[in-house]
Amino acid sequence: MKKLFLLALLIGLSINVSAQNVSVSKARFQRGDDPNWAKPELNDASWSEIDMTRNWDKQGYVINQGYGWYRVHLKLSSSMIKGADQQKIVVFNLPKADDTDECYLNGKLIGKTGRMPGDKGGYRSAWSTVRNYPVNVKDGIIRWDADNVIAIRVYNAGEPGGLFDNPLTVRVPNAIEGLSMHFTDVNDGQAHCDVQLSNSYPLTTTGKLDIDITDRETGKKIGGLSKKLSPKQGKPIRLSVPYDKKKICLLTATFTDAKTGKKISQKFPLKYILTPPAPAAPRFNGAPLFGVRPNSPVIYRFPVSGERPMKFTADNLPEGLTLSESDGVLSGKIRRPGNLTFTVTAENAKGKASQEFTLKVGDRMIALTPPMGWNSWNCWALSVSQEKVMSSAQALIDKGLADYGYCYMNIDDGWEAAERNPDGTIAVNEKFPSMKALGDWLHERGLKFGIYSSPGDFTCGGYLGSIDHEKQDAESYNSWGIDYLKYDWCGYSRAHAKERDKGVASYVRPYLLMQQFLREQPRDIFYSLCQYGMAKVWEWGPFVDANSWRTTGDINDTWGSMYDIGFQRQAGLAPYAAPGHWNDPDMLIVGKVGWSSNLRDSRLTPDEQYTHITLWTLLASNMLIGCDIAQMDDFTVGLLCNHEVNLINQDILGKQADRVLKQGDIEVWARPLADGGTAIGIFNVGDEDQQVDMKALYSDIAKAKTVRDLWRQKNLSAGELNCTIPTHGCRYLKVTL
Ligand code: GLA
């Protein structure tokens, strides 16, 4: 050990040594590239000293699209391996590398991460990857109790470059260190969770995997399995564990190494469905009204669940309107302003239901309840195509989401061509063969068609914006049958930078301009402002006749993002929402999302997803689904298709919830409803489960005649008002005094 420290002092390295662990942060360094630099016998005494935990550009070396080599001399004591759990492998854990690396031990390549420019398949960065390179002791590469040379070749594409983050550590891992577990919760038909056990080290570890499924409400074990396994490198083992998706379950997986008794254990909350299944008989799930401007086409699909075929009829249907018998799509035009009330009946083999419905016709009558539908951004981002929009629209109908009021199908960024047509009109790219045909196809099904642009020269995704072409673009939208425009500030920041006076008027101007042209079109176009809440858009949004305005930056599928946007940044905005004009805390992040052509399950836990939908419906937010509907599972359908929950969002009083109480990690948000009731969300935003006496928490609950659990669609007894709210979870109540 003494010798090791002396060596470290001699060559100017800092070394930390413990029994099975050696750490080094300093190395010798040379810019450039030469295969001879991997050789242990090379004399590197003239190389400079460098810190491997900080990028090389921070230490005076600017190397872009080029190479640098690090060399570390290290004496490895044979005592490291003696007495360890296993004597087969030693792991060389490298610092992270901007952008790719190759690692040589005593002249032999022991690991590589990312691809160098000359490699097959071309360069690929792997700057954020953890580098653990196992070396088999049997291979004899390690020189015990002698000088070892670790040479690391690094390629950097662009600043920052070189090794960074953690020191180089040489470790003798214990028997289970290379094991990892991965869970995939498949929530279709028979729900099951696939548990994958992998071993990243060339060690055979034999042991037992115990999987327990416990009911989180009762604490009782209700399922699971036990199996003896030997996970090997490169051969992950997959086990499928069925569970009851109607129960709130926790899966706990524990692997115990037979030899040492060491364990790895992980908990995974499973998806659960609280929404009761819809009855087979017809049920109207939408608000009892819809608004349209005089002479604009009416497009309204009655949201009715129940078995198909179904027959729709109307009593006293106003002149100028037709109702399609087979799918309940209302169409036509009304010339004069006024309220037209009529009764619609839906009938199928299992029964019959009716709704008294009012069509409100007037200049300011659109968006009387928040828009419900889909937007392509959170799933496909710039890889959106006409085919993907149609597939999601078809799934919206087939999976029954249209029966709950979801109707807008909105294309976000990525549809525009690189250049405008010679006459200045906007052109679409090859992924959209025909906007007009797509619009017609959607309208035939009673769905609505949305599009995206920017008041600037370019959109956020770098596509063409509408600047200087606002009138032409509004006319194109009309000719395609557009019903919704999301108008995203983004590229307008360049025009705005040139404004001398950057007061509120400079923020209003581009939005007012487009609104004038939209209003000239002979159809209703929902106007959605997207400028992230600048210049308190909620204060002036109604005056540019906006139907909604984003209040924050972009959401992503993490608790941090959802908490910040939904809880922190919406408090206090309630007074600005009203029928026709809504605060928009951004689109939904449930289901398969990914902002690319690679989709994955939302990273929100099931409890967080219940919180998300509860809060967004309370906030009278736009309800725009952000996932691929074709791949939507039963859990997500349950989240989005609870008519009692959705009817809070669609409540015709149009009052947004505000935070009425914050007690430690418990927040209460409440909104008054048109029928005199109050919708109340009780949220646990903390990291621990909490016992909550809901009656004691909020006086309206104590005073209430009825307390309804909206997710479970049942009234609660006094005894049920004391409950545990899981971390990041909630309870959603409607109380009637
Ligand atoms: C901005 C918006 C997003 C999305 C992208 C498209 O980031 O806030 O919602 O529309 O632009 O490029």
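Each residue takes its place number in the sequence, starting with 1. For ligands, and for the atoms within them, numbers begin at 1 and follow the listed sequence. Hydrogens, waters and symmetry mates are skipped; everything else that's a heavy atom, side chains included, is used. Owing to the predicted nature of the structure, the values given are computational and were not obtained by experimental measurement.
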ask   = For D363 and R519, what are the C-alpha separation, side-chain angles and deciding distance, and is it a salt bridge (Lys or Arg N to Asp or Glu O under 4.0 Å)?
value = CA-CA 10 Å; D363 206 36; R519 288 302 295 265; 2.8 Å; yes
message = With salt bridge (Lys or Arg N to Asp or Glu O under 4.0 Å) as the criterion, how do K388 and D628 come out once you've worked through the C-alpha distance, each side chain's angles and the decisive distance to 0.1 Å?
response = CA-CA 8 Å; K388 287 172 176 161; D628 178 11; over 6 Å; no
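Results of the ring-ring contact (aromatic ring centres under 6.0 Å, His included) test with W489 over Y507, W549, Y532 single out Y507 as the only residue that passes.
Residue-ligand proximity: Y463 is placed with every non-hydrogen atom at 4.0 Å or more from ligand 1.
Atom 9 (O) of ligand 1 has as its closest protein heavy atom K486 NZ, 2.8 Å. The nearest heavy-atom contact from the protein to atom 11 (O) of ligand 1 is D488 OD2, 2.9 Å.
Note on ring orientation: taking the six-membered ring where Trp is involved, the planes of Y610 and Y272 are parallel (angle under 30°, cut-offs 30° and 60°). Below 30°, between 30° and 60°, or above 60°: for Y484 and F526 the angle between ring planes is below 30°, a parallel geometry. By the 30° and 60° cut-offs, the orientation of the rings of H728 relative to W559 is parallel.
Of the listed residues (D554, D586, T552), the one carrying the non-hydrogen atom nearest atom 8 (O) of ligand 1 is D554. Counting heavy atoms only, D412 comes closest to atom 10 (O) of ligand 1 of the residues D413, D412, L382, I555.
Near C460, meaning under 4.0 Å from any of its heavy atoms, are these atoms of ligand 1: 1 (C), 7 (O), 11 (O), 12 (O). With ligand atoms numbered from 1 in the order given, ligand 1 contributes 2 (C), 8 (O) to contacts under 4.0 Å with heavy atoms of C530. Taking every heavy atom of Y532 and a limit of under 4.0 angstrom, the matching atoms of ligand 1 come to 8 (O). Each of the atoms 12 (O) of ligand 1 lies under 4.0 Å from some heavy atom of G461.
Within 6.0 Å of NZ in K471 there are 12 or fewer heavy atoms belonging to other residues, nucleotides or ligands.
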